[in-house]
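Quick notes on the structure that follows.
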Amino acid sequence: MATGFCHDSRFERHKTGPGHPEKPARMSSVLAHIDQQAWRHQLSEVEASLVDSQWLRSVHDQEYINRAAAACKAGHSHLDSMDVAISAESFEVARLAVGAGLAVADEVINGNVSNGFALVRPPGHHAENDTALGFCLFNNIAILARYLQQKHGLEKIAIIDWDVHHGNGTQHTFESDPSVMYVSTHQYPYYPGTGAADERGEGRGKGSIVNCPMRANSSDVDYEHAFSRVIMPALDTFAPDAVLISAGFDAHHGDPLAEISLTTNFFAWMTERMLEVADKHAAGRIISLLEGGYNLSTLGSCVEAHLKTLLDGQAPSAAS
């Protein structure tokens, strides 16, 4: 069965200004690279649509949603922090980013594709219940998890976040919820300062947060150890009904915003591990959303490694 691929030229309408790393060219550079691949035609196109506000409210306060809409409409340059640059169309583009993930989920749940990837911006995992943070307006992956539970009746959702920055917003959304396991590999200590190993959840959610903080200059081998010793056993015990991936590619050795040293092909290796989890527990259901990745000369190759592995069911053999 095919892999779903969701993208939309409207994502380039979120303008962040000169010099901002989360820029529209992230979309065009990835698409230009993917369109050159011989296997491109095997991807099943998924159309993005604007998310209904009820799903935004499943994670975010209505007052925050209103404030974000008003700030964009008024032409403000930032929302809540200088990290979150916005423009007139940013609110609608952020709604589209959430909607793209839900559209891929519908295709997966309905059996039209076996898994899928949404190439979206702005990213989402730093967005809190009532605050924009770290380039993020709405928490795309957290809303997707709630959508799968409330719309499609899935019970246990696993989120693996391999972005180089810790997904504080995602962790805070689910840290008291035993039905969602959040697993993160991230450079630590580093922005945003959360994600210590002893942050394991609260109350009934104790143990549902699995943080694997990585030191600067960590390599493929270091990440392999985290997967084999911590991540895979935790996911196996949890036995999710769906696997969601916050697919940031800024842990690549060429990325300018951090100091982790993963190779391009290691993103394929991590994808293959998630396929194993999904095949064993979740009827193959994987939905992946783009988070970070800011080197335009390497981002396309990293997305290629991820997408091709989702499509083939196994990682390519060469590393780079």
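One-based numbering along the sequence shown.
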task: Kindly indicate whether the side chain of Cys136, heavy atoms from C-beta on, has any atom under 4.5 Å from the side chain of Pro122.
output: no
Beyond-backbone contact of Gln171 with Glu199, side-chain heavy atoms, under 4.5 angstrom: yes
query: Parallel under 30°, tilted from 30 to 60°, perpendicular over 60°: which one fits the rings of Trp162 and Phe267?
result: tilted
- prompt: Are any of the side-chain heavy atoms of His60 and Ile143 separated by less than 4.5 Å?
  reply: yes
task: Would you give the length of the straight line joining atom OG of Ser218 to atom CD1 of Ile260, rounded to the nearest 0.5 angstrom?
output: 4.5 Å
- request: Check Arg215, Gln187, His253 against Glu259 for a side-chain hydrogen bond (donor to acceptor under 3.5 Å, both in side chains) and give me the one that passes.
  value: Gln187
His126 vs Tyr191, ring-ring contact (aromatic ring centres under 6.0 Å, His included): CA-CA, chis, key distance, verdict: CA-CA 10 Å; His126 293 308; Tyr191 182 89; 5.3 Å; yes
- prompt: Quick one: does Arg146's side chain get under 4.5 Å of Asp177's, heavy atoms only?
  reply: yes
- prompt: What pair of heavy atoms forms the shortest contact from Val59 to Asn129, and how long is it?
  reply: O-ND2, 2.8 Å
query: According to a 4.5 Å side-chain heavy-atom criterion applied to Ile, Leu, Val, Met, Phe, Trp and Tyr, with indirect links allowed, do Met181 and Leu148 form part of one hydrophobic cluster?
result: no
- request: Could you tell me which non-hydrogen atom of Ser208 sits nearest to which non-hydrogen atom of Gly205, and how far apart they are?
  value: OG-O, 2.6 Å
Tyr188 and His166, any side-chain heavy atoms less than 4.5 Å apart: no
message: Can a donor-acceptor pair be found, under 3.5 Å and without considering hydrogens, that links the side chain of Asn115 to the backbone of Leu310?
response: yes
message: Ring centroids only, cut at 6.0 angstrom: are Phe91 and Phe138 within range, meaning strictly under it?
response: yes
message: Students often mix this up, so state it plainly: with edges at 30° and 60°, are the rings of Phe117 and Phe5 parallel, tilted or perpendicular?
response: parallel
For the student: nearest non-hydrogen atoms of Thr264 and Ala305, plus distance: O-CB, 3.8 Å
message: Side-chain heavy atoms nearer than 4.5 Å, only ILVMFWY residues, links allowed to pass through others: does that put Ile286 and Val46 together?
response: no
- request: Identify whether Val120 and Leu296 are in the same connected component of the hydrophobic contact network (ILVMFWY, side-chain heavy atoms under 4.5 Å).
  value: no
message: With a 3.5 Å distance limit and no angle check, can you tell me whether Asp220 reaches the backbone of Thr263 through a side-chain donor-acceptor pair?
response: yes
message: Within the structure provided, determine whether Glu224 and Phe266 are in side-chain contact (heavy-atom separation under 4.5 Å).
response: yes
Pairing of Asp52 and Lys151 as salt bridge, 4.0 angstrom limit: no
- prompt: Is there a donor-acceptor pair under 3.5 Å between the side chain of Asp163 and the backbone N or O of Gly292?
  reply: yes
- line: When every non-hydrogen atom of Asn211 is compared with those of Gly195, the smallest separation belongs to CB-O, 3.5 Å
- prompt: Any side-chain heavy-atom pair from Arg26 and Leu119 closer than 4.5 angstrom?
  reply: no
query: Say you draw a straight line from OG of Ser87 to NE2 of His14; how long is it, rounded to the nearest 0.5 Å?
result: 6.5 Å
message: Among Gln149, Lys156, Glu155, exactly one meets side-chain hydrogen bond (donor to acceptor under 3.5 Å, both in side chains) together with Ser179. Which residue is that?
response: Gln149
task: Please confirm whether the backbone N or O of Gly203 pairs with a side-chain atom of Ser176, one donor and one acceptor, at under 3.5 Å?
output: no
query: Do other residues, nucleotides or ligands put more than 12 heavy atoms under 6.0 Å from Glu47 CD?
result: no
message: Quick check on the 6.0 Å ring-centre criterion: do His20 and Phe135 meet it?
response: yes
query: What pairs with Phe11 under ring-ring contact (aromatic ring centres under 6.0 Å, His included), at least two apart in sequence or on another chain?
result: none
query: Under 3.5 Å, is there a donor-acceptor pair between the side chain of Asp35 and the main chain of Ala32?
result: no
message: Grouping I, L, V, M, F, W and Y whenever their side-chain heavy atoms are under 4.5 Å apart, do Leu290 and Leu244 come out in a common cluster?
response: no
field: Verdict with supporting geometry, Phe227 and Trp269, ring-ring contact (aromatic ring centres under 6.0 Å, His included)
entry: CA-CA 11 Å; Phe227 270 77; Trp269 185 91; 5.5 Å; yes
message: Could you report the tightest heavy-atom contact between Gly300 and Ile34, atom names first, then the distance?
response: O-CD1, 4.3 Å
task: Drop me the distance from Thr271's OG1 to Leu311's CG, to the nearest 0.5 angstrom.
output: 12.0 Å
- request: Is it possible for you to say whether Leu275 and Val303 belong to one hydrophobic cluster, with membership spreading through side-chain heavy-atom contacts below 4.5 Å?
  value: yes
task: Verify, without hydrogens or angle tests, whether Ser114 (side chain) and Ala2 (backbone) share a donor-acceptor contact under 3.5 angstrom.
output: yes
query: Is the backbone of Gly254 close enough, under 3.5 Å, to the side chain of His252 for a donor and an acceptor to pair up by distance?
result: yes
field: Separation between CZ of Arg10 and CD of Glu12, rounded to the nearest 0.5 Å
entry: 12.5 Å
- prompt: If only atom types and distance count, is the side chain of Arg121 paired as donor or acceptor with the main-chain N or O of Met27 below 3.5 Å?
  reply: no
- prompt: Applying the side chain to side chain contact (heavy atoms under 4.5 Å, CB included) test to Leu137, which of Ile86, Ile65, Leu56 qualifies?
  reply: Ile86
Rounded distance [0.5 Å steps], CE in Met270 versus OG1 in Thr185: 6.0 Å
- request: First locate atom OG of Ser184, then atom CD1 of Ile209, and finally report the distance between them rounded to the nearest 0.5 Å.
  value: 9.5 Å
Tyr294 backbone acceptor or donor facing Asp255 side chain under 3.5 Å: yes
task: Indicate whether any N or O donor in one side chain lies under 3.5 Å from an N or O acceptor in the other, for Ser301 and Thr298.
output: no
query: Okay, side chain of Arg285, backbone of Asp241: is any donor-acceptor separation there less than 3.5 Å?
result: yes
message: My understanding is that only one of Asn140, Asn168, Asp161, Thr173 makes a side-chain hydrogen bond (donor to acceptor under 3.5 Å, both in side chains) with His125; could you say which?
response: Asp161
task: Mark yes when over 12 heavy atoms from residues, nucleotides or ligands other than Arg204 sit less than 6.0 Å from its CZ; otherwise mark no.
output: no
- prompt: Is Lys73 paired with Glu92 through a side-chain N to carboxylate O contact shorter than 4.0 Å?
  reply: no
Test item: Tyr64 and Glu128 side chains (from C-beta on) under 4.5 Å apart, heavy atoms: no
- request: State, without any angle test, whether Ser246 and Glu291 hold a side-chain donor-acceptor pair at a distance under 3.5 Å.
  value: yes
Evaluation steps, side chain to side chain contact (heavy atoms under 4.5 Å, CB included), between Trp39 and Glu304: CA-CA 10 Å; Trp39 46 265; Glu304 174 197 350; 3.6 Å; yes
- request: Search all heavy atoms of Ala105 against all heavy atoms of Leu144 and return the closest pair with its distance.
  value: CB-CD1, 3.6 Å
- prompt: Any ion pair linking Glu63 and Arg67 (charged N to carboxylate O, less than 4.0 Å)?
  reply: yes
